[in-house]
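What follows is a short report on a single structure.
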Protein chains: 2
Amino acid sequence: MNIGDAAKRSGVSAKMIRYYEEIGLIKASRRANGYRDYDESDVSVLQFIRRTRDLGFSLDEASSLLALWRDRKRPSREVKRLASQHIEDLERRMREMRAVVRTLKTLADHCHGDERSDCPILDDFAAATMKKSARKRPPA
Amino acid sequence: MNIGDAAKRSGVSAKMIRYYEEIGLIKASRRANGYRDYDESDVSVLQFIRRTRDLGFSLDEASSLLALWRDRKRPSREVKRLASQHIEDLERRMREMRAVVRTLKTLADHCHGDERSDCPILDDFAAATMKKSARKRPPA
DNA sequence: CTTGACCTTCCCATTATGGGAAGGATTAGG
DNA sequence: CCTAATCCTTCCCATAATGGGAAGGTCAAG
């Protein structure tokens with residue numbers, strides 16, 4: 001199977017398939033004419049990678065998961081550990097984003113949002129790091 | 001003021017200050033010896049940028065916000081619109097992450113996480129895109 | 001005058017992805 | 001059998017924002 005078909009069947013672009021090969025994530029056999037050649041199991045691997053990517057794992061993590069998948073005797077503990085770490089990472093990032101959203105919502109709530117120019121949002125951006133001096137005017 | 005002091009006072013690294021100048025976000029005057037020279041208002045601008053970055057705005061958005069800050073007659077509506085868009089963007093991304101976390105938690109909950117090798121997490125990664133055939137074994 | 005702490009520019013790396021060019025291979029239609 | 005379209009190949013570039021580090025100029029303190 002040519003790279004184009006492998007791409008269609010796996011949902012991974014041909015560009016990315018070549019890239020994954022370049023970084024050593026996957027391998028590909030070549031035909032006499034130099035074309036890469038893929039079979040069903042290659043497509044399965046690509047689908048596996050795609051699934052991990054869709055779930056937010058990095059290619060590095062995808063690589064580890066792939067190794068675990070290939071090792072039929074791996075303890076499931078290792079897989080679960082990677083998944084749990086990723087969950088914690090996502091939850092930490094969500095907490096950070098939530099804090100930012102709270103801040104921005106508060107600011108936006110106090111902004112008229114009309115033709116008037118006074119704006120507590122910009123005031124905050126300008127004053128956030130200042131200790132006690134009067135509210136900064138836009139310099140220059 | 002040298003770039004090092006501007007960096008300390010603004011919380012923006014010297015490296016980034018130079019980069020912001022390179023992409024046209026800020027400007028800097030030079031002294032006779034070629035050193036960049038900053039004053040209080042430059043520091044204020046850097047602090048403003050830092051605040052917007054901390055709140056997750058892109059440098060592109062930071063640029064727009066900076067322009068609005070400098071334009072004392074801008075309608076606050078425009079600022080609020082940018083902020084609201086950013087809030088929506090963050091909320092959309094959080095929803096996506098939350099869905100991923102839900103999926104992963106469900107998978108992890110069903111994984112023994114011990115010495116046994118069978119693992120529903122990897123099973124899902126391998127089977128997610130398949131229609132009806134039996135669960136895939138790791139190819140090759 | 002030397003030494004150390006600055007500053008300058010320039011290049012490289014990161015992460016994952018896409019765009020596009022130049023040129024060779026294959027395939028379908030006539 | 002020839003030609004055009006559609007593949008494939010490699011190579012280079014760009015993205016966003018940041019840091020690392022080298023080579024070399026400058027400045028201030030001793």
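Everything quoted here is computed from the prediction, not taken from an experiment. Labels below follow one simple rule: chain letters A, B, ... track the order of the sequence lines, proteins then strands, and each chain is numbered from 1.
Remark: the backbone N or O of A/S58 is paired with a side-chain donor or acceptor of A/E61 at under 3.5 angstrom. Put simply, the side chain of B/R50 gets close to the backbone of B/G11: a donor and an acceptor are under 3.5 Å apart. A donor-acceptor pair under 3.5 Å is formed between the side chain of B/D39 and the backbone N or O of B/D42. Side chain of B/S10 to main chain of B/Q47: no donor-acceptor pair is present (N/O by atom type, distance under 3.5 Å, no hydrogens or angles). For the pair A/D37 (side chain) and A/R30 (backbone), a donor-acceptor distance under 3.5 Å is absent. Under the 3.5 Å distance criterion, the side-chain polar atoms of A/S63 are left unmatched by any main-chain donor or acceptor of A/L59. Side-chain atoms of B/H86 come within 3.5 Å of backbone atoms of B/L55 as a donor-acceptor pair (strictly under, hydrogens ignored).
Under the 6.0 Å cut-off for aromatic ring centres, A/W69 and A/F48 qualify, their centroids lying closer than that.
Computed from coordinates, the A/E61 CD to C/dA16 P distance equals 9 Å when rounded to whole Å. When the C1' atom of C/dC6 is taken as reference, atom CG of B/N33 falls 10 Å away, rounded to whole Å. Atoms CG (A/L25) and C1' (C/dA16) sit 12 Å apart, rounded to a whole Å.
Rounded to 10°, the helix from C/dC1-D/dG30 to C/dG30-D/dC1 has 20° between the axis fitted to its first five pairs and the one fitted to its last five.
When each of A/K15, A/R36, A/K27 is tested with A/E21 by the rule salt bridge (charged side-chain N to carboxylate O under 4.0 Å, His left out), just one qualifies, namely A/R36.
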query: Which parts of nucleotides 7-18 of chain D does protein reach within less than 4.0 Å, heavy atoms only, written one letter per nucleotide 5' to 3' as B for base, S for sugar-phosphate only and - for none?
result: BSBB------BB

List, with names and distances, any nitrogen or oxygen atoms from the protein found under 3.5 Å away from nitrogen or oxygen atoms belonging to nucleotides 28-30 of chain D.
none

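The pair B/R93-B/D89 meets the salt-bridge criterion, since a charged nitrogen lies less than 4.0 angstrom from a carboxylate oxygen.
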